Chemist: 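Below: one structure in structure tokens.
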Amino acid sequence: MRNKLLSCVLVLAMTLSLFTACGKQSANDGNEVADTDASQENAAGDRTGTGSEAAWPTTLTNSVHNSAAPDWTEYNQLIFNIKNTTDYNEREVMMHRAEDILMSTGAVVPLYYYNDPYLKKTSINGIYSSLFGTKYFMYAKGCVDNILRVSLSSDPTYLDPALNSSVDGACLVANTFAGLYTYNAEGECIPALADPANPYEVSEDGLSYTFHLRKDLKWSDGSPLTASDFVYSWNRAVSSSLNADYAYMFSNFAGYDDGKVKAKAIDDNTLTFTLTSPCAYILDLMAFPIFFPVNQACVDAADPDGVNPGAWAENVGFVASGAFTLQEWIPGDKMVYVKNPYFYDADNVSVDQLVFFTTADEEVIFSAYKNGEIDFADSVPTEAIPGFLSSNDPEFVIAPSLGTYYFAFNVNSHMFDGKSSAQAAAMRRAMGLLIDRSYIVNNIGQTGQVIATSFIPEGMLDGNGGVFKTSDDKYAFPDASSTGYYPAEKTDASVNEAKALLEEAGYSFGSDGKLSPDTPIAFDFLTNNSQSHILVAEAIKKDLAEVGIEVTVVQEDWTTFLQDRKDGNYDVAREGWLADFNDPINMLEMFITESGNNDPQFGREPFDEEE
């Protein structure tokens, strides 16, 4: 082991270069046998996109599971290679290749890059948001009677940090649990449960870590919180029985493939673990919820048979490690949290009670905010935004974010039956070309969102000293004018391009410019029942109707929506992804076959409604 100074030098060098991402021992191709009989076809017929200087740069082969879906072997292997190389230049090239493959499927259609608008009373200070969308409420000051009243969204699906996969859920987790590291108001990754005087050491090869915990840490019930709690929690997170969406984030930990990471508690305050390849953003991982410890006694007591692994965090008073503990939960109404006196930084927590009002109705939330019933609202009705902007109201905050709002196609949807993977991709890419992104940004978003022409968001670093969304001598995006994969503006040329792609996929058009009745396209567009998302879905419906594509907008409650999307029980669904850390691999690895966030179902068998 090196001393702290040398370890800091290594981590600084790794962070500046981000020369590797977290990898996995072996790649899972999601297609056990290569489709040797399938002809390798160019996705959308080697067609050059509108305004492009280069053709869409990949080919697609039919999956063995479904001839209309793309084989995902190369993509899975690329992610594995990206996460295991230490060649900075090679890694950047491979990440561009991975995005090329992803975008060539047409299954991921970017609309805009996120920012983070919210409402906050000017009398309250100390609330901050990370670049990744997590809100930290524990240091708020200026609250009446030290009670902070907040609205984020509807009831969370999970409060278990290993099972949550939503942004609003992550906010609850960040205020209820703690990890080795966290983010401060300046966006810096700083020690939390780790000892700030001597947080860790790392070996010369960047593979072996030793973390030191603060002395005398306690759970919210007063019992000791030790290094053994991390070992238990991490092995629980990667277990097949838990089936956590984010388990793949441990894929660079030795032992991951065996279902038990190579982590050890040397004593109550010393945790060691081993990686299979160096990880430049290891501290960011330590600040991510799935790496947070959970209390084994509490987990086991609530679910002794292991049939409902998230049950323990549904009970009022569950044992936690963060600034607050859950005192009351009335589903569909509110969640009341109280200050945890055993939190490591309790002396600086100025909020005694944190009340979350749980509703997805933006009008109800806005009315409550205007009436002084809540102090913070994480959503703003579309029609109210112009007034806030024109008056330059200081209560209306637009924070920076790093992520992409998009919609996704289920590659196993019946709408692609009878098509090859290349024809299905041409259909999807055509529909991506028909969307008026400017209308969505200017009339629905309204807060300065940037039109998205790629999935990797604008401003994300490339791990090689630059910004990923840049055309240079090493890589040129297919659409030169937008530095992306789609033109930024919808034009007659892009509509004509879309029609040509549909014709290549076997569709014909009448003299009115709409699809012939002999070759119709119709599908359901799935969204949760939130005003802004519904408005986006209706705008997409209108755009596609211009060429005769019939879209039915289907609304679901938040919990059902998340499950149907995850299961692949949909045709097309609205999506959004806020980065978990500032590196493209985070945006790319979510689409490997085994990922719990692989909503487009790449490399998977079609959903069986009878199962």
Side-chain angles (χ1 to χ4, degrees), residues 126-130 132-140 143 146-184 192-193 214 217-223 225 229-230 232-233 236-237 244 246 286-299 301-302 309-331 334-358 376 378 580:
I127 296 174
Y128 62 94
S129 175
S130 75
F132 316 117
T134 303
K135 310 294 191 306
Y136 297 84
F137 299 111
M138 63 280 285
Y139 303 118
C143 311
N146 292 328
I147 300 174
L148 180 64
R149 302 159 303 168
V150 170
S151 178
L152 287 178
S153 185
S154 50
D155 291 285
T157 304
Y158 289 111
L159 292 175
D160 186 330
L163 291 174
N164 172 71
S165 59
S166 66
V167 176
D168 52 307
C171 294
L172 294 170
V173 168
N175 288 275
T176 316
F177 294 90
L180 288 170
Y181 269 66
T182 188
Y183 295 100
N184 63 16
L193 298 181
R214 295 172 186 262
L217 290 172
K218 289 181 172 29
W219 291 102
S220 59
D221 65 352
S223 61
L225 193 167
D229 292 310
F230 283 91
Y232 160 74
S233 301
R236 173 180 180 265
Y246 276 109
M286 296 302 102
F288 191 74
I290 199 169
F291 291 88
F292 293 0
V294 296
N295 184 280
Q296 183 175 3
C298 186
V299 173
W312 69 278
E314 296 172 1
N315 299 325
V316 169
F318 66 81
V319 179
S321 58
F324 302 100
T325 59
L326 182 63
Q327 181 186 64
E328 181 183 13
W329 188 352
I330 303 174
K334 65 181 178 180
M335 304 173 74
V336 180
Y337 288 80
V338 294
K339 182 177 176 179
N340 172 17
Y342 296 109
F343 177 52
Y344 74 90
D345 199 27
D347 289 345
N348 292 313
V349 174
S350 46
V351 177
D352 292 332
Q353 190 177 90
L354 182 60
V355 183
F356 288 99
F357 292 92
T358 54
F376 180 99
D378 204 32
D580 302 314

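Counting begins at 1 with the first residue of the sequence. It should be emphasised that the depicted structure is a prediction, and the values quoted were computed from it without experimental measurement.
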Chemist: Could you check whether the rings of F288 and Y246 sit parallel, tilted or perpendicular, using 30° and 60° as the cut-offs?
Modeler: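 Correct class here is perpendicular.
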Chemist: To the nearest 0.5 Å, how far apart are OG1 in T134 and CG in D168?
Modeler: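 Here the interatomic distance stands at 10.5 Å.
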Chemist: What pair of heavy atoms forms the shortest contact from M286 to F292, and how long is it?
Modeler: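 Of all heavy-atom pairs spanning M286 and F292, the closest is O-CE1, 3.9 Å.
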Chemist: Side chain of Y128, backbone of Y183: donor and acceptor closer than 3.5 Å?
Modeler: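 Yes; at least one donor-acceptor contact below 3.5 Å.
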Chemist: Which residue in the set T358, N315, D155 passes side chain to side chain donor-acceptor pair (under 3.5 Å) when paired with W329?
Modeler: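 Result for side chain to side chain donor-acceptor pair (under 3.5 Å) with W329: D155.
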Chemist: Supply the atom-to-atom distance D352 CG to C143 SG, rounded to the nearest 0.5 angstrom.
Modeler: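 Going from CG on D352 over to SG on C143, the span is 9.5 Å.
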Chemist: Is there a side chain to side chain contact (heavy atoms under 4.5 Å, CB included) between F132 and D580? Walk through the geometry before answering.
Modeler: CA-CA 6 Å; F132 316 117; D580 302 314; 5.8 Å; no
Chemist: Let's go through C171 and D378 carefully: what are the C-alpha distance in whole Å and the side-chain angles of both, what is the deciding distance for side chain to side chain contact (heavy atoms under 4.5 Å, CB included) to 0.1 Å, and is it a yes or a no?
Modeler: CA-CA 11 Å; C171 294; D378 204 32; 5.5 Å; no
Chemist: Could you check V336, V150, I147, V338 and say which one makes a side chain to side chain contact (heavy atoms under 4.5 Å, CB included) with L354?
Modeler: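 Testing each of V336, V150, I147, V338 against L354, the sole residue satisfying side chain to side chain contact (heavy atoms under 4.5 Å, CB included) is V150.
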Chemist: Check step by step if side chain to side chain contact (heavy atoms under 4.5 Å, CB included) holds for T176 and L159.
Modeler: CA-CA 9 Å; T176 316; L159 292 175; 5.9 Å; no
Chemist: Which label fits F177 and F318: parallel for a plane angle under 30°, tilted from 30 to 60°, or perpendicular past 60°?
Modeler: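 Aromatic pair F177/F318 classed parallel.
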Chemist: Indicate the atoms forming the closest heavy-atom contact of A162 with A244, along with that distance.
Modeler: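 Smallest interatomic distance, heavy atoms only, reads O-CB, 3.3 Å.
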Chemist: Hey, is the main chain of D229 close enough, under 3.5 Å, to the side chain of S233 for a donor-acceptor pair?
Modeler: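 Here the side-chain-to-backbone pair exists.
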Chemist: Return the NZ to CG distance between K339 and N146, rounded to the nearest 0.5 Å.
Modeler: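 Output value for this atom pair is 8.5 Å.
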Chemist: Quick check: closest heavy atoms across F230 and P293, and the distance to 0.1 Å?
Modeler: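 That closest heavy-atom pairing would be CE2-CD, 3.5 Å.
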Chemist: Among L148, V355, L326, find the one that has a side chain to side chain contact (heavy atoms under 4.5 Å, CB included) with Y337.
Modeler: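 Exactly one option meets the side chain to side chain contact (heavy atoms under 4.5 Å, CB included) with Y337, and it is L326.
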Chemist: Looking only at heavy atoms, which two atoms of Y139 and F343 are closest? And how far apart?
Modeler: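 Heavy-atom minimum between the residues: OH-CE2, 4.2 Å.
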Chemist: Donor-acceptor pair, S129 side chain versus K135 backbone, under 3.5 Å?
Modeler: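 It does not hold such a pair.
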Chemist: Can you measure from OH (Y344) to CG (L193) and round to the nearest 0.5 angstrom?
Modeler: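 Answer for the OH-CG pair, Y344 versus L193, is 6.5 Å.
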Chemist: How long is the span from the OH atom in Y136 to the OG atom in S130, to the nearest 0.5 Å?
Modeler: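 One gets 5.0 Å once the value is rounded to the nearest 0.5 Å.
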Chemist: Within the 3.5 Å criterion, strictly below it, is a donor on N164 or S166 matched to an acceptor on the partner's side chain?
Modeler: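 N164 vs S166: donor-acceptor pair found between side chains.
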Chemist: What are the two closest non-hydrogen atoms of A323 and M138, and how far apart are they?
Modeler: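 Scanning both residues completely, I find the closest heavy atoms to be CB-CB, 3.6 Å.
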Chemist: At their closest point, which heavy atom of G179 faces which heavy atom of A192, and how far apart are they?
Modeler: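 Nearest pair, atom of G179 first, then A192: O-CB, 3.1 Å.
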Chemist: Keeping the roles fixed (side chain from N340, backbone from G322), state whether a donor-acceptor pair exists under 3.5 Å.
Modeler: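 Yes; at least one donor-acceptor contact below 3.5 Å.
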Chemist: For R236 and D160, run side chain to side chain contact (heavy atoms under 4.5 Å, CB included): C-alpha distance rounded to whole Å, both residues' side-chain angles, the deciding distance at 0.1 Å, then the answer.
Modeler: CA-CA 12 Å; R236 173 180 180 265; D160 186 330; 2.6 Å; yes
